[in-house]
Number of protein chains: 2
Amino acid sequence: MGTTDTTSPVDVQWLTEAEQQDWRAFRDGTIRLFDVIAHELDSNSGLSPHEYEVLVRLSEAPARTQRMSELADDLAHSRSRLTHTIRRMEERGLVERSACSADARGVNCAMTELGWTTLVAAAPLHVQSVRDHLVDVLTPEQFRALGDAMAAVREHLVSGPCHAATEC
Amino acid sequence: MGTTDTTSPVDVQWLTEAEQQDWRAFRDGTIRLFDVIAHELDSNSGLSPHEYEVLVRLSEAPARTQRMSELADDLAHSRSRLTHTIRRMEERGLVERSACSADARGVNCAMTELGWTTLVAAAPLHVQSVRDHLVDVLTPEQFRALGDAMAAVREHLVSGPCHAATEC
DNA sequence: ACAGTTTGGTTGAGACTTCAACGATGCCTG
DNA sequence: CAGGCATCGTTGAAGTCTCAACCAAACTGT
C-alpha cells in the first residue's frame, strides 16, 4: 500500500470510560431484560414477544384487522419475517388471512376469537412481568427518562438518516 | 365450570397510559437501535454483535484467553449457544479452542491474531455507529440516566429474583 | 473406593430469521 | 393501452438460536 493510508487509522471519537460503562449497562441490561420477559411470556402463554405484539396491534385495529404491510412496518419486521410468523400463527388458529378487496395485491390479517382470548389471557401476566423486572425496579423519574430517551432514539432512527430504502 | 373462577380475573396492576407509552418507546426504540447497529457492524466487519462481544471479552482477558463457561456467563448466553458460536468463529480462524490444564472438563478459548486484527478493524466503526444512533442523539444527562437505569435493571435481574437455576 | 450429584461442554433436531428470487398486481407516462 | 417500474406478499435455502439429551470429569458423603 502507499504512503498515506486513507482508509485505516480512522480518527475515531472513542467512548469515554463512563460512556462505555453506560453503553454496556444499557446493552447487557436490555438484552437480559428482554430475555427474561420473553421467557416468562412464552411459558405463560406459549407466545413469543413478536407474536404477542402482532396480537396487540390487531386488537387495536378497526375490525381487529390490518394489512400485512402495515403490520410489518409497525413492528419493524421484514415482510418475509411477517409472512412466516403469520403463517405459523394461522396454523395455530390465532389469526386468519383473507384477500384485500381494495387492493388485489394486499392481504388482510384478522385476529380470530382464539387469538383474542389468548391475548386477553396473556396480557395481565405479561404486564406483571414488565412491572416486576423493569417499571417497579426504577423510580418513576428513571422510567420516565428511559422512555423519553428511547423515544428520541426511535425518532432519530425512523425519520433521521434516510432509513434503509429511502433516498436522502 | 364451577361458580368462582379462581384462575382468570387476575387482579393486575395495569400500566398507566404514560407508562405504556414509555414502555413501548423503550421496546421499539431499543429493538430498532440494535437492528441498525447490528446491520452496520455486519456490513463493516462481517461480525454479528454476539461475535463482536466475544472478541471484546477475549481481548480484555489475560492472554486473550477465557474459559467457555465464563464467557457464556459474561455474555448471558447459553452454553449451547456459545459452543455453536465459537465453533463457527473457529472455522473462520478468529478464535482457537484448547484443553484446560486445570480442569479436564474445561475448554479454553483464545483469540487468534486474525481475531485481534478483525476486532481492531471493526471497533472504530462500531463505536461510531453507537455514537451516531445513540450517544450523540441524547444529551449527556439523558445518556447517563439511561445507563444508570439499565444498570439497576441488570443488577436486579442478576442478583435479585433467584435467577433461573438458583434456589431462593 | 464408590455411588450420586453437579458442573463443563458438545451434539442434533426443530424453530425462527434472513436474504435473494420470484409472481402478481398496481401505477405512471408516452 | 403498452412498457417500465414500484409495491405486495410469498417461497425456499441457508444461517442462527433454543431445547433436551448426552458424555465426561469433578465434587460429595459414606
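We name chains A, B, ... by the order of the sequence lines, and we start the count at 1 in each one. If you're wondering where the values come from, they're calculated on a predicted model, not measured in any experiment.
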*Any idea how B:Tyr52 and B:His126 line up, ring-wise: parallel (<30°), tilted (30 to 60°), or perpendicular (>60°)?*
tilted
_Nearest-Å distance for atom pair CG/P, residues B:Leu71 and C:dT10_ = 11 Å
_Salt bridge flag under 4.0 Å for residues B:Asp73 and B:Arg67_ = no
_Could you tell me how far apart B:Ile86 (CD1) and C:dT10 (C1') are, to the nearest whole angstrom?_
13 Å
_Along DNA chain C (nearest heavy atom to each residue), the more 5'-positioned of B:Arg97 and A:His77_ = B:Arg97
*Rounded to the Å, how far apart are A:Leu75 CG and C:dC16 P?*
16 Å
*Taking atom C1' of C:dG9 as reference, at what distance in whole Å does atom CD of B:Glu70 sit?*
14 Å
*Give the B/S/- string for nucleotides 16-28 of chain D, one per nucleotide from 5' to 3', where a protein heavy atom under 4.0 Å of the base yields B, of only the sugar-phosphate yields S, and otherwise -.*
SSBB-----BS--
*Are any of B:Arg79's side-chain N or O atoms less than 4.0 Å away from OP1 or OP2 of C:dT7?*
no
*Could you tell me whether B:Glu53 and A:Arg24 have a side-chain N and a carboxylate O separated by less than 4.0 Å?*
no
*Looking at DNA chain C, which of residues 54-69 of chain A put a heavy atom within less than 4.0 Å of it?*
none
*Give me the one residue out of A:Val137, A:Leu138, A:Thr30 that meets side-chain contact (heavy atoms from CB on, under 4.5 Å) with B:Met150.*
A:Thr30
*Rounded to the nearest 0.5 Å, what's the gap from CD on B:Glu141 to CG on B:Asp148? Could you check?*
12.0 Å
*Is the shortest distance from a Lys or Arg side-chain nitrogen in A:Glu96 or A:Arg64 to a carboxylate oxygen in the other one below 4.0 Å?*
no
*Where do B:Leu41 and B:Leu47 come nearest, in terms of heavy atoms and distance?*
CG-O, 3.6 Å
*Starting at atom CG of A:Asn108, determine the distance to atom C1' of D:dG9, rounded to an integer number of angstrom.*
13 Å
_Pair B:Arg144 + A:Glu19: basic N to acidic O under 4.0 Å_ = no
*Please state whether the rings of A:Phe26 and B:Phe26 are parallel, tilted or perpendicular, taking 30° and 60° as the class boundaries.*
perpendicular
*Using whole Å, report how far CD of B:Glu90 lies from P of C:dT11.*
11 Å
